[in-house]
Amino acid sequence: MKDNTYRLLTGEFNISKDVLDLIDRSEESVSALFDDLDDIMTYNQYKVLDAFQKNGIRDMHFSWNTGYGYDDPGREATERVYADIFHTEAALVRPIIVNGTHALTLTLMGILRPGDELIYCTGAPYDTLEEVIGIRGEGKGSLREYGVSYKQVELTADGRIDLDALGEAISEKTRMITLQRATGYGWRKAISIEEIEEWAGFVKSVNPDIVCMVDNCYGEFLHTKEPTDVGADVVAGSLIKNPGGGLALTGGYIAGRQDLIDKISYRMTSPGIGGECGLTFGQTRTMLQGLFIAPKTVNGAVKGAILCARAFELMGYDVCPKADDIRSDIIQAVKLGTPEGVIAFCKGIQAAAPVDSQVSPEPWDMPGYEDPVIMAAGAFVQGSSIELSADAPIRPPYIVYFQGGLTYEHSKFGVIKALQEMYDKGLLTIG
């Protein structure tokens, strides 16, 4: 660390020498990994640029219509760009998709019909989808209430998709098999592109009519390929995660086969209208500009996650993935072992924020979650997890999930502040 930065961090932010020395050691040991990430970022940057140029993006695409939103050129251009980036026939990219859970719900409910069977092949889905499927809660419009049955295939002991068990689970009723790429609140590595390709090929060999769907949240631009490049029929995600680049104010996307996107669009609006209506509310500029810088933003977030892993590895903590592991999402899990450790970590992340840094996060009963959850995120866009954030359910073994950072330097500062908060509270000793 250069002298000027060192003096600023110790003088203005009261960061201890021990913490900064740990960060220096951690950063030096992972620098070679950063070079490989830069190659992926460069490829994706040019891929995005190519999609913008092929679709003739112009200043007129940043204006917006009123009323029904018929023939909105900006909306149509944005969706063509997404379809090109994901190499799919069609896409929906809308600010009226309120979050990633909504994008996934539209996909599930747009495609599945009464009597169909849904299989999750990466174990339990993310907490907020449990009520959508009907695993938990009172129904109120769940898939189960509409007559869609559900099976769950657990991952193998080493965190891979159990293709043998999946093959046994597939039945004549199976209409869709879904894969959650990111870890969610699990203790596993994200599912790699190579595994997704193997999974999709296996499913199609059993029954080519089964829809292969990927929950792509947190996974965009981690690789030179996306799930739709290797056999997935449809993917869905959130614009306030990776592809929004920190600039999209809200929204979600779904990309895939034309026939599937048509069905999903009918669920999004209504049969017979589909994607032909729906205002963008002047958001095409920020959605497209965010998409353009997303490869660089994701690159910084992944580097921050690796730094976090190495720093806590050096302190003796169990982390997932390991610092040297190949990444397929931006999430870094750290097993802290105590609720006090989780809370201190999150308070450090909050104190590192450019917005609401004075706020002190506490666990609370957040809608859609089974356990109290603590969330630290002082973001320009509320709930944006491509910006620096950390969250955790308060349940054993007390794992915290760190992600984001619009720049690597800010993600790095989040690691510094999390360590410092735990250090100040006597929860770790740096030797």
Side-chain angles (χ1 to χ4, degrees), residues 9 13-27 29-30 126-127 182-189 218 301 304-323 325 329-353 356-366 369-379 385 387-405 410-431:
L9 291 175
F13 293 101
N14 297 314
I15 306 299
S16 70
K17 179 180 181 298
D18 287 342
V19 168
L20 293 181
D21 287 348
L22 172 61
I23 290 295
D24 279 345
R25 285 187 283 128
S26 302
E27 195 170 43
S29 70
V30 296
Y126 189 72
D127 293 37
T183 60
Y185 284 151
W187 184 256
R188 66 168 175 85
K189 292 189 290 185
Y218 299 103
I306 290 173
L307 179 68
C308 180
R310 180 50 49 86
F312 278 88
E313 280 177 340
L314 292 177
M315 293 304 302
Y317 287 93
D318 198 2
V319 302
C320 185
K322 306 294 186 186
D325 286 340
D329 70 6
I330 65 169
I331 300 169
Q332 181 59 53
V334 183
K335 191 178 293 184
L336 295 175
T338 67
E340 293 81 10
V342 167
I343 293 169
F345 185 105
C346 290
K347 287 182 183 295
I349 296 299
Q350 189 72 41
D356 292 329
S357 62
Q358 73 283 2
V359 172
S360 181
E362 299 291 343
W364 66 297
D365 295 319
M366 189 172 180
Y369 293 85
E370 188 171 5
D371 300 287
V373 174
I374 184 169
M375 290 195 168
S385 44
E387 298 187 54
L388 179 67
S389 62
D391 51 279
I394 304 301
R395 63 189 179 210
Y398 302 108
I399 299 167
V400 72
Y401 298 86
F402 168 90
Q403 62 266 321
H410 190 222
S411 189
K412 174 181 175 178
F413 187 62
V415 180
I416 290 171
K417 287 292 286 183
L419 287 166
Q420 187 66 48
E421 186 73 19
M422 294 180 69
Y423 185 70
D424 288 344
K425 286 184 165 53
L427 298 170
L428 59 80
T429 301
I430 302 175

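These numbers come from a predicted model, not from an experiment.
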Decide side-chain contact (heavy atoms from CB on, under 4.5 Å) for L427 and L336; before the verdict, give the C-alpha distance in whole Å, the side-chain angles of both, and the deciding distance to 0.1 Å. CA-CA 10 Å; L427 298 170; L336 295 175; over 6 Å; no
With rounding to the nearest 0.5 angstrom, report the [atom1] to [atom2] distance, [X] to [Y].
X    : Y    : atom1 : atom2 : result
I331 : C320 : CD1   : SG    : 10.5 Å
M422 : T429 : CE    : OG1   : 10.5 Å
I416 : I349 : CD1   : CD1   : 10.5 Å
C346 : Y401 : SG    : OH    : 11.5 Å
N14  : D424 : CG    : CG    : 8.5 Å
D329 : T183 : CG    : OG1   : 5.0 Å

Got [X] and [Y] here, is their nearest side-chain heavy-atom distance under 4.5 Å?
X    : Y    : result
L9   : F413 : yes
E27  : K412 : yes
I430 : D21  : no
Q332 : F312 : no
D371 : I394 : no
Y185 : V373 : yes

What are the two closest heavy atoms between [X] and [Y], and how far apart are they?
X    : Y    : value
A323 : I306 : O-CG2, 3.8 Å
S26  : A311 : OG-CA, 3.3 Å
A309 : P321 : CB-O, 3.9 Å
A392 : V342 : CB-CG1, 3.6 Å
P393 : I399 : CD-O, 4.4 Å
I330 : S385 : CD1-O, 3.8 Å

For K417, enumerate each residue passing the salt bridge (Lys or Arg N to Asp or Glu O under 4.0 Å) test, keeping only those at least two apart in sequence or located in another chain. none
Quick check: does any side chain N or O of H410 sit under 3.5 Å from a backbone N or O of G404, one acting as donor and the other as acceptor? no
Any donor-acceptor pair under 3.5 Å from Q350 side chain to D356 backbone: yes
Does K189 have more than 12 heavy atoms from other residues, nucleotides or ligands lying within 6.0 Å of its NZ? no
Are more than 12 heavy atoms from other residues, nucleotides or ligands located less than 6.0 Å from atom NZ of K322? yes
Quick one: side chain to side chain contact (heavy atoms under 4.5 Å, CB included) partners of S411, sequence neighbours excluded? F402
Among E362, E421, E340, find the residue that satisfies the salt bridge (Lys or Arg N to Asp or Glu O under 4.0 Å) test when tested with K347. E362
Before you tell me yes or no, could you show the steps for Q403 and D391 under side-chain contact (heavy atoms from CB on, under 4.5 Å), namely the whole-Å CA-CA distance, both residues' side-chain angles and the distance that decides it to 0.1 Å? CA-CA 9 Å; Q403 62 266 321; D391 51 279; 2.9 Å; yes
Examine the side chains of Q420 and S16 and answer whether a donor and an acceptor come within less than 3.5 Å of each other. yes
Could you tell me whether the side chains of Y423 and D18 share a donor-acceptor contact shorter than 3.5 Å? yes
